[in-house]
There are 2 protein chains.
Amino acid sequence: MKTVHEVSKLAGISVRTLHYYDSIGLLSPTETTEAGYRLYDEEALGRLQCILLFRELEFPLKDIKEILDSPNFERNKALEQQIELLKLKKEHIENLIDLATGIRMIGVKKLMSFEAFDTRKIDEYAKQAKESYGTTPAYKEFEEKSKNRSKEQEQKLGIDMMNIFADFGKLLEHAPEDAVVQEKVAELRAFLTEHYYNCTPEILSSLGEMYAGGGSMTDNINAYAGEGTAEFTAQAIREYCAHCTGGQHSLE
Amino acid sequence: MKTVHEVSKLAGISVRTLHYYDSIGLLSPTETTEAGYRLYDEEALGRLQCILLFRELEFPLKDIKEILDSPNFERNKALEQQIELLKLKKEHIENLIDLATGIRMIGVKKLMSFEAFDTRKIDEYAKQAKESYGTTPAYKEFEEKSKNRSKEQEQKLGIDMMNIFADFGKLLEHAPEDAVVQEKVAELRAFLTEHYYNCTPEILSSLGEMYAGGGSMTDNINAYAGEGTAEFTAQAIREYCAHCTGGQHSLE
DNA sequence: TCTTGACTCCTACGTTACGTCATACTTTAT
DNA sequence: ATAAAGTATGACGTAACGTAGGAGTCAAGA
């Protein structure tokens, strides 16, 4: 004979749950002491096991009660039904995942008019920047990296990129030279270096001016991350480059 | 400006839902008439669209409220989170399906000690029955049918079979010669004919005596479908055969 | 023996997203 | 003018407990 506390620890449920199951007649204690304490024996524990099993399978407690008080074949029928129901649920969730993924993609595409971050564009900027300083082995690295990526991976990178801008948008109240902002710039640079090419201060600077250049890219960044984010980011990048390489800007 | 009724029809939701959304501040009407009637304009309808979209994705209304009142990037982050959450749910449900399927199998196997319905056993009975009347082309049909089935298909047939016995178990209060019971016998015969071999009255009769023969098969049937079902089914089959071919029994 | 702390009881409200009355008022159609 | 249809508010019900409160119970130490 175990008390509610002991049973609750054994079964990994709360005492309240035992009270509740008693109150709805799903699991009555084997006996009660004169003081009204509930006591459960092994058989009751077995029934509780069954209850928890069916509960795990998302059966409503009402149904569990019926199932446990009915013959074997009813249980199997119930199980089959539940399997069907779970399969339907799974299908539904799969549809939801597709829907949500689609919406996110629409949102991302619409807000940043995806071409703006299309590899080829960045490619061009990289080329231009590289040309002014000569072609290096790093450019080949970039080509390899970008050619091996799937459409899906590109999209994920675009999203990550937008999230970095979203972070800048949250820092608008800070000064561009603030440590937190400068760290974000460093993060942006690291991100570009990892996924595109070795992002030198010169390239970074060039990109910064592109962000704030007033084109659709500027608009998209501001629409997504908050008005003024593009300009703020550009300013932060200028600060970063000034302290990074001695103050020269690659744009003139 | 549309009234609650019009909006509800347009959006496919209830008037109560509009009341509720107003009460929790999720969607306030554009204005209210002097009599207190709610009126919604196009913008409100747009917001409602968004609400229903996020609701479809199983966002809690509280979260939807926050999301709609926050900038774009928050929405995308929320979407990503929700996608993760939905993926977890999907995984969970897949586990549940496996669990339920496993339990059902255990139940079926344990209750009917699956060998009893193993094709080979029925095979033997079929052979014996056939031998007394000579080998016919139907036997080859049976061999082909049973050899081409997968383990899974066999199990499904076993379950279907048990469900037929469960049906007999529900008819215990009827007389074996009752029309409903006799129809069940016909169903059993059709089932065997479809999945195993052309089930003549002789074979059917033989199987009936096997069910009630007192072995493990009898016990399993009774345990699963209710005490006395095996004997009841056998009696019903005798009745069926008596009216079917003029009264002779194939067993002596 | 008294007290303390751990344990138990029951009552009752909070949770989510509405459905379902019940009652009373307004608008529209005849 | 009157009936039908629409609207508003308020309150209770749902599933499966969580949480809080107040009070009684039990075993053990001082």
Side-chain angles (χ1 to χ4, degrees), chain A residues 1-41 44 47-48 50-68 78 82 85-86 89 92 96, chain B residues 1-41 44 47-68 82 85-86 89 92 96:
Chain A
M1 290 297 194
K2 326 242 180 191
T3 70
V4 281
H5 188 65
E6 289 164 337
V7 173
S8 82
K9 274 194 297 188
L10 274 171
I13 60 176
S14 70
V15 173
R16 172 70 174 112
T17 299
L18 287 171
H19 285 172
Y20 182 63
Y21 288 175
D22 187 10
S23 77
I24 63 172
L26 179 57
L27 181 67
S28 304
T30 313
E31 67 175 296
T32 55
T33 70
E34 47 187 65
Y37 282 30
R38 294 170 177 81
L39 294 177
Y40 301 83
D41 65 359
R47 187 179 167 94
L48 180 55
C50 282
I51 293 172
L52 296 179
L53 191 64
F54 282 100
R55 188 185 70 162
E56 184 67 25
L57 293 174
E58 300 187 1
F59 279 85
L61 296 188
K62 258 184 195 170
D63 294 3
I64 296 179
K65 196 177 162 187
E66 280 181 24
I67 289 168
L68 291 188
Q82 194 70 359
L85 202 152
L86 288 171
K89 261 195 178 180
H92 181 62
L96 292 188
Chain B
M1 290 296 194
K2 327 243 178 191
T3 69
V4 280
H5 188 65
E6 290 164 336
V7 173
S8 81
K9 274 194 298 187
L10 275 171
I13 59 177
S14 70
V15 173
R16 172 69 175 113
T17 299
L18 288 170
H19 285 172
Y20 182 63
Y21 287 175
D22 186 10
S23 77
I24 63 171
L26 179 58
L27 180 67
S28 305
T30 313
E31 68 174 294
T32 56
T33 70
E34 46 188 66
Y37 283 28
R38 292 170 179 81
L39 294 176
Y40 300 84
D41 65 0
R47 187 177 167 95
L48 180 55
Q49 288 278 347
C50 283
I51 291 171
L52 295 179
L53 192 63
F54 282 99
R55 189 184 70 162
E56 184 68 24
L57 294 174
E58 301 186 0
F59 278 86
L61 296 187
K62 255 185 197 170
D63 293 3
I64 296 179
K65 195 177 165 189
E66 279 181 25
I67 289 167
L68 290 188
Q82 194 70 359
L85 204 151
L86 288 171
K89 264 194 177 181
H92 181 60
L96 292 187

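Note that these values count all heavy atoms, side chains included, but never hydrogens, waters or copies made by symmetry. Chain naming here is simple, since letters A, B, ... match the order of the sequence lines and numbering starts at 1 in each.
With contacts defined as side-chain heavy-atom distances shorter than 4.5 Å, the pair Met1(B)/Glu31(B) qualifies. In this structure the side chain of Ile51(A) reaches within 4.5 angstrom of the side chain of Arg47(A), judged on heavy atoms. Side-chain contact between Asp22(A) and Leu18(A) is absent, with no heavy atoms from C-beta onward closer than 4.5 Å. Using a 4.5 Å heavy-atom threshold, the side chains of Leu96(B) and Leu57(A) count as touching. Looking at Tyr21(B) and Leu61(B), their side chains come closer than 4.5 Å, going by heavy atoms from C-beta outward. You'll find the side chain of Arg55(B) reaches within 4.5 Å of the side chain of Ile13(B), heavy atoms only. You'll find the side chain of Lys9(A) stays beyond 4.5 Å of the side chain of Lys2(A), heavy atoms only.
Closest approach to the Tyr37(B) side chain among dT27(C), dA17(C), dC26(D) is made by dT27(C) (side chain taken as heavy atoms from C-beta onward).
Contacts between residues 3-22 of chain A and DNA chain C, defined by a heavy-atom separation under 4.0 Å, are made by Thr3(A), Val4(A), His5(A), Arg16(A), His19(A).
The nearest whole Å value for the distance from the CZ atom in Phe59(A) to the C1' atom in dA15(D) is 16 Å. For the pair Leu39(B) CG and dA8(D) C1', the interatomic distance rounds to 13 Å; values are reported in whole Å. The interatomic distance linking Leu27(A) (CG) with dC17(D) (P) rounds to 12 Å, in whole Å. Taking atom CD of Glu58(A) as the reference point, atom P of dC17(D) lies 12 Å away to the nearest angstrom. Across the protein-nucleic acid pair, Leu61(A) atom CG and dA16(D) atom P stand 4 Å apart, rounded to whole Å. The interatomic distance linking Phe54(B) (CZ) with dA17(C) (P) rounds to 15 Å, in whole Å.
The two residues Lys65(A) and Gly25(A) make their nearest non-hydrogen contact at CE-O, 3.6 Å.
Residue order along DNA chain C, read from the 5' end via each residue's closest nucleotide, puts Arg55(B) first among Glu34(B) and Arg55(B). In terms of position along DNA chain D, the nucleotide closest to Ile24(A) lies nearer the 5' end than the nucleotide closest to the other residue of the pair Ile24(A) and Thr33(A).
In the helix from dT1(C)-dA30(D) to dT30(C)-dA1(D), the terminal helix axes, each the rotation mapping four pairs' C1' atoms onto the next four within five end pairs, subtend 30°, rounded to 10°.
By the neighbour-count criterion of 12 heavy atoms within 6.0 Å, atom CD of Gln49(B) is sparsely surrounded, having that number or fewer from other residues, nucleotides or ligands.
Applying the 4.0 Å criterion to OP1 and OP2 of dT9(D), one finds that Arg38(B) has a side-chain N or O inside that range.
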